[in-house]
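The figures that follow rest on heavy atoms only: side chains count, while hydrogens, waters and symmetry mates do not. Chain letters run A, B, ... following the sequence lines, proteins first, then strands; residues in each count from 1. For clarity, every value in this text was computed on a predicted model and none was experimentally measured.
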Number of protein chains: 2
Amino acid sequence: MSRSTGRRLGRAGIRDVAAAAGVSITTVSDALNGKGRLPDATRSHVREVADRLGYRPSAAARTLRTGKSGLLGLTVTTYGDEPFTFTEFAYFAEMARAATSAALARGYALVILPATSRHDVWSNVALDGTVVIDPADGDPVVTELVRHGIPVVSDGRPGGALPVTGWVDNDHEAAVLGLLDHLADAGARRIGLLTGTTTDTYTRLSTTAYLHWCERVGQDPVYESYPAHDPCAGAVAADRLLARPDRPDAVYGLFDPNGTDLLAAARRYGLRVPEDLLLVCCSESTVYASTEPPITTLSLKPRRIGTAVVQILIDAIEGLDNGLPIEQVIPTDLIVRTSSQRRSARTTVSPPRGPAGA
Amino acid sequence: MSRSTGRRLGRAGIRDVAAAAGVSITTVSDALNGKGRLPDATRSHVREVADRLGYRPSAAARTLRTGKSGLLGLTVTTYGDEPFTFTEFAYFAEMARAATSAALARGYALVILPATSRHDVWSNVALDGTVVIDPADGDPVVTELVRHGIPVVSDGRPGGALPVTGWVDNDHEAAVLGLLDHLADAGARRIGLLTGTTTDTYTRLSTTAYLHWCERVGQDPVYESYPAHDPCAGAVAADRLLARPDRPDAVYGLFDPNGTDLLAAARRYGLRVPEDLLLVCCSESTVYASTEPPITTLSLKPRRIGTAVVQILIDAIEGLDNGLPIEQVIPTDLIVRTSSQRRSARTTVSPPRGPAGA
DNA sequence: CTTGTTAAAAGGTACGTTTCTGCATGGTGA
DNA sequence: TCACCATGCAGAAACGTACCTTTTAACAAG
């Protein structure tokens, strides 16, 4: 059997479409991709034949030929042993969702990849670019990607002079300072911090901002650290913080679960929130709107970050950037709820009295 | 310039490695892939040269040649307008995480794709198989994938005779029945249900199981429905349920946020939990361990489901299955906490469920 | 009649692998 | 010596597409 008629197995290729339509391969390619100079009659005829045969172009062949795969890597640096322990779950989920949407809107898809440098995984997929969440200083994966000319944009300001194409981050210092001012305005005299032992940029910047603030207002720092990837350790650390002799009258928790942890610890010690203890934590979770009392949260706007990261990355891939690294700062959002408002006892919604009242 | 020396731009290819190592292309390929019959000396020599040149095989070329891309699609059927509104956030995140890990462990990576039938996205990526979460009856994307011979495994029993390669799901009927028995054992006389208006399998099976149970024990059904993708609607429906004249003394909420919604509603009506109202909701979130009081949850074991789905899919791709569709049922896990225990104030240990009851 | 111009379509090569087939070589048993 | 086989390696054909180059036809202008 000759090469033109040979394969009856498998899907229809561009050759089969060309033969069935009575035109050349080039014409089919041009017709389907909207290129070349073809009369509309030919174009629609080819399209119809392709449809009839159920033709789908081979992504692999196209990628091989054009050098563009339409795939973006998405990597989360992890702590601990499990491959994908995101401590900031809601944050990651929101960010990834926004990134996926933004990529899709521009014709790209996201591939989830491990942060480890397992070559056999990374090299088995053709990437046009990569999004890295919270890269470690001198991350080997990032370094190698950049060395191979693959654009890399990071969520979180990269440390260690990582040669990324660009990055997006919040102004963590400003956020923490503003938040502490807010607590002080609400009457806090000694503000405590629940922070992490890891060395990632977020933890580091937030903690130093706290220390600076303490220095400025002349307060002794009161903080507890714990490995952020261990949820139980968070509860323990929250307890430790409230058990100290120099117990704070307000606490900021850097991580998502800290709000409930601190609330539980406060209950154990008979502390009323917000009367005896003001509470704020950094979280994207909506549960803090309906805890008792609702807890003030700092939102890092993961959706805006995810969108921005992908836009920068795709711009770089498509050569729409100016070549310089792009740095973008996304403002944070302090969502003030009862837990950080000492004075106003007014609740926002008037409780509808039900039948059989208390 | 000839084809052998021509390209100094771009990365090193297998040809360059062959030339530098003084062997043929075949030998390089065999050496790196562990195939063929080569002495260890040659093998290691080739590997060393490849390393020195920073050689990375082209995934696109390999995929084109072998027909295997090592990529699995991951799709979530969505409700509402946004492309990725997962109502069960924690569930999806956990499931996706487990699926990603399992895939990675077997050398595959996951690509996140939209459930819409945008051809230009789906056909731009070469997939070896696809995981579909909660497919709609007669889902066109699934149908087309199967028609093209791509294995599809679904999380959630597919309705509408969808010709999937296999599926994994919980036994939702049994879970709901057991849960209702548990509430009845704790003293509930009238159990209410907070359910969804959507027609997905989970909602449908759970609701009918509830109705069956009511019929069996001779209780009038007491339930409220709301569009599960709207978080505010959940709070409203919870309120409505507790405002009814035939107010239930126990409620099961089908969706993740229902626990906090119901707790807030109970507070508004001055109902004590668990004394006046028993509460259970289906959730994977750990926040319910530290609410006041802690809330009993039904876990669907998303990690086990994600792992199982991927194993079945990869088995099918690699031809390790027997060809028949595979159906796997994952047991659920009722995590009993204070909110569903009227008598014993003692915590934590879940009562061993005997089949007896009554 | 020649030449230039343009539309329409065909030819053919390259993208970078994997892998089938085949060619030497040297050792072994008959 | 010869046939035979295992070993170690090379040649070359695909895989399916995109795109650069060329051909053909038609037609207007010189």
- Item | Which residues share a salt bridge (Lys or Arg N to Asp or Glu O under 4.0 Å) with B:Arg106, sequence neighbours left out | B:Asp315, B:Glu318
- Query: Does A:Lys35 have a side-chain nitrogen or oxygen under 4.0 Å from the phosphate oxygens OP1 or OP2 of D:dA18?
  - Reply: no
- Where the side chain of B:Val23 is defined as all heavy atoms beyond and including C-beta, which of D:dA10, D:dT17, C:dT17 is the nearest nucleotide? D:dA10
- Whole-Å gap separating P (D:dG11) and CZ (B:Arg15): 13 Å
- Task: For B:Asp40 and D:dT7, give me the distance from atom CG to atom P, rounded to whole Å.
- Result: 13 Å
Atom of [X], atom of [Y] and distance for their closest heavy-atom approach:
X: B:Val17; Y: B:Val49; answer: O-CG1, 4.0 Å
X: B:Ala109; Y: B:Leu104; answer: CA-CD1, 4.3 Å
X: B:Gly138; Y: B:Thr143; answer: O-OG1, 4.1 Å
X: A:Gly54; Y: B:His148; answer: O-NE2, 3.7 Å

- Residues from residues 58-73 of chain A sitting under 4.0 Å of DNA chain C, heavy atoms only? A:Leu64, A:Arg65
- Here the residues of residues 24-34 of chain A within 4.0 Å heavy-atom distance, strictly under, of DNA chain C are A:Ser24, A:Thr26, A:Thr27
- Could you tell me whether a side-chain N or O of A:Asp128 sits under 3.5 Å from a main-chain N or O of A:Ser69, the two making a donor and an acceptor? yes
- From CA spacing to verdict: salt bridge (Lys or Arg N to Asp or Glu O under 4.0 Å), B:Glu144, A:Arg56: CA-CA 11 Å; B:Glu144 178 159 330; A:Arg56 296 273 167 267; 3.0 Å; yes
- If we ignore angles and hydrogens, is there a donor and acceptor under 3.5 Å between the side chains of B:Ser24 and B:Thr27? yes
- Message: Quick check on DNA chain D: between A:Ile14 and A:Arg37, whose nearest nucleotide comes earlier from the 5' end?
- Response: A:Ile14
